[in-house]
Amino acid sequence: MSRSRLFGSLCAIVFLVNFARVVFAPLVGEFIVEFAIGEGTAGLIVTLAWLGSAAPRLPAGWALTRFSRQFVVLVSGAMLTVGALGVALAPGVPTLMTAAFAIGLASGVYFVAANPFIAELFPTRVGRVMGVHGMASQLAAVAAAPVVTVALWYDWRLAFYGLALAAAASTAVFVALARRTDLPDAGAGDTDFVAGALSEWELIFAGVVLMGLTSFVWQGLFNFYELYMIDKGIPEGTARNLLTVIFAAGVPAFLVSGDLADRLPHVPYLLGIVSVFIVGVVLVVVSSGLIAVVAASIVVGFAIHMLFPAGDTYLLASLPDESRASAYAVFSAGMMTTQAAGSWVVGEAIEAGASYDAVFLSLSGGLALVVVTYAALESAGRVPGGAAGAEGAA
């Protein structure tokens, strides 16, 4: 069986995994009405899905030293199916919260297992396949709101019944294809989680700082983007749609960036992407008028979504077989934890009286200092990791 078909089943699963995380946001209003709760409780439901995504990454990394990649992916698919059914059948808020957390857990387990697995399936084109995989995930972010709109014509729970059915079917297809595919044994030597992570701590640290701090700024920006646009005088409906523009710009960005990540030196390429993202944030701040704001939003959306496959390629292509899953799990957990505080920091700053413009310009300035520091270290040969996709460019 072709590895490409197995990869196709993983793309189907990642679409569902990411859909399950982002679909809660457009349902906040429905939760408030149906369960008679306030905005804070409704927001906590959404937060639990993302906390769940961060929580299992280290345990999942340890599991990969004991079980095969495909078995852990199977477990994540089963967890997604059960979590989606839990949301669909939830009689009250406690059950809904538990099911939302379970859905988040499924996504965290999936990404830690699937990303190294994909890199090992296609070792000579890691960037390209990570880009396609990421694009499939990003399509879910674009599709979530329209799917919810259709479901609300009948019952919002239908979206989760459909999600559970699709998750079960996609997981079953993945298992069937995995049994018939010649799988790599690249991770067979990765049996000591702690030793594997410690052996690559410099690379992990370099990735967490650069990717984590950039994503920190991104989290703070996109979670307050609608309110920021309204503050800039953009009509409420248009402000909401601008966030969709940002996510839509990310769809081609994954594909383009993944292909380039196989061809360009990893660290300079990453620094170039982060620099464009900084410029995009500054353009958002200084822009006035709808056309200018839309153009700046596209720059931000395209740049930040180029970062994710490029960062994954940098880590996965640089890590050796005997520590890839362990080290990637620690990187993933560290990066998720670092970025998670972005929304809280921005919210606290705004509540304390700072303007959106001042906050985002300050964050951009701090991130620019990070880029300059990395550029200096890279020129001195002090940033760990492969210089370029030597295998990938072959």
| said: For residues 96-118, which residue pairs pass the ring-ring contact (aromatic ring centres under 6.0 Å, His included) check, not counting sequence neighbours? | reply: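 Qualifying pairs: Tyr110-His133.
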Beyond-backbone contact of [X] with [Y], side-chain heavy atoms, under 4.5 angstrom:
| X | Y | answer |
| --- | --- | --- |
| Val281 | Leu363 | no |
| Ile273 | Phe277 | no |
| Glu30 | Leu27 | yes |
| Val345 | Phe216 | yes |
| Ile304 | Thr214 | yes |
| Pro309 | Asp312 | no |
| Pro384 | Glu200 | no |
| Leu105 | Ser53 | no |

Can [Y] be reached from [X] by stepping across I, L, V, M, F, W or Y side chains whose heavy atoms are under 4.5 Å apart?
| X | Y | value |
| --- | --- | --- |
| Val359 | Ile230 | no |
| Val217 | Val286 | yes |
| Ile103 | Leu165 | no |

Let me check something: any side-chain donor-acceptor pairs from residues 77-99 under 3.5 Å, sequence neighbours excluded? List them with distances.
| unit_1 | atom_1 | unit_2 | atom_2 | d |
| --- | --- | --- | --- | --- |
| Thr81 | OG1 | Gly77 | O | 2.9 |
| Thr81 | OG1 | Ala168 | N | 3.3 |
| Thr98 | OG1 | Pro94 | O | 2.9 |

| query | Do Arg3 and Thr181 get their side chains close enough for a donor-acceptor pair, meaning under 3.5 Å? | reply |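 Judged by distance alone, the side chains do not pair up.
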| Do Tyr269 and Ser257 get their side chains close enough for a donor-acceptor pair, meaning under 3.5 Å? |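 A donor-acceptor contact under 3.5 Å links the two side chains.
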Do [X] side-chain atoms and [Y] backbone N/O form a donor-acceptor pair below 3.5 Å?
| X | Y | answer |
| --- | --- | --- |
| Arg57 | Val330 | no |
| Ser9 | Leu6 | yes |
| Ser326 | Ser323 | no |
| Asp262 | Gly127 | yes |
| Ser332 | Ala329 | no |

| task | Please test Met306 against Leu260 for side-chain contact (heavy atoms from CB on, under 4.5 Å), starting from the C-alpha separation and ending with a verdict. | result | CA-CA 10 Å; Met306 287 186 76; Leu260 289 175; 4.3 Å; yes
Show the nearest heavy-atom pair for residues [X] and [Y], with the distance to one decimal.
| X | Y | answer |
| --- | --- | --- |
| Leu10 | Val73 | CD2-CG1, 4.1 Å |
| Ala327 | Leu319 | CB-CD2, 3.6 Å |
| Pro146 | Ala143 | CD-O, 3.1 Å |
| Ile37 | Phe31 | CG1-O, 3.6 Å |
| Ala261 | Ala310 | CB-CA, 4.2 Å |

| field | Pairing residues for Phe205 by the ring pair (Phe, Tyr, Trp, His ring centres under 6.0 Å) criterion, not counting sequence neighbours | value |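 Checked Phe205 against ring pair (Phe, Tyr, Trp, His ring centres under 6.0 Å); zero matches.
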| query | Got a sec, which residues hit ring pair (Phe, Tyr, Trp, His ring centres under 6.0 Å) with Phe302, two or more places apart in sequence or on another chain? | reply |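 Result, ring pair (Phe, Tyr, Trp, His ring centres under 6.0 Å) vs Phe302: none returned.
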Taking salt bridge (Lys or Arg N to Asp or Glu O under 4.0 Å) as the cut-off, I'd like each qualifying pair that reaches into [range], sequence neighbours left out, listed once.
| range | value |
| --- | --- |
| residues 152-170 | Glu34-Arg157 |
| residues 279-305 | none |
| residues 251-260 | Arg128-Asp259, Asp259-Arg263 |

| query | Under 30°, 30 to 60°, or over 60°: which ring-plane class applies to Phe15 and Phe19, parallel, tilted or perpendicular? | reply |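 Parallel, since the angle between the ring planes stays under 30°.
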| task | Just say parallel, tilted or perpendicular for the rings of Phe247 and Trp218, cut-offs at 30° and 60°. | result |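 Rings of Phe247 and Trp218: perpendicular, as their planes differ by over 60°.
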Return a table of donor-acceptor pairs under 3.5 angstrom between the side chains of residues 351-358 and protein atoms on other chains or two or more places apart.
| unit_1 | atom_1 | unit_2 | atom_2 | d |
| --- | --- | --- | --- | --- |
| Ser355 | OG | Ala358 | N | 3.1 |
| Asp357 | OD1 | Tyr228 | OH | 2.5 |

| said: According to side-chain hydrogen bond (donor to acceptor under 3.5 Å, both in side chains), does anything in residues 271-281 pair up with another residue at least two apart or in another chain? List the pairs. | reply: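 Listed once each, the pairs would be none.
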| field | Val299: hydrophobic cluster co-members (side-chain, 4.5 Å) | value |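 Grouped by the 4.5 Å side-chain rule, Val276 form the rest of the cluster around Val299.
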| query | Atom CG in Leu16, atom CZ in Arg21: separation rounded to 0.5 Å? | reply |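 If I round to the nearest 0.5 Å, the distance is 12.5 Å.
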Please tabulate, for the side chains in residues 287-298, all donor-acceptor contacts under 3.5 angstrom to protein atoms that are two or more places apart in sequence or on a different chain.
| unit_1 | atom_1 | unit_2 | atom_2 | d |
| --- | --- | --- | --- | --- |
| Ser287 | OG | Leu283 | O | 2.3 |
| Ser297 | OG | Tyr225 | OH | 2.5 |
| Ser297 | OG | Val293 | O | 2.7 |

Would you tabulate the side-chain donor-acceptor contacts of residues 369-376 under 3.5 Å, counting partners in other chains and residues two or more places apart, or write 'none'?
| unit_1 | atom_1 | unit_2 | atom_2 | d |
| --- | --- | --- | --- | --- |
| Thr373 | OG1 | Leu369 | O | 2.8 |
| Tyr374 | OH | Ala206 | O | 2.7 |

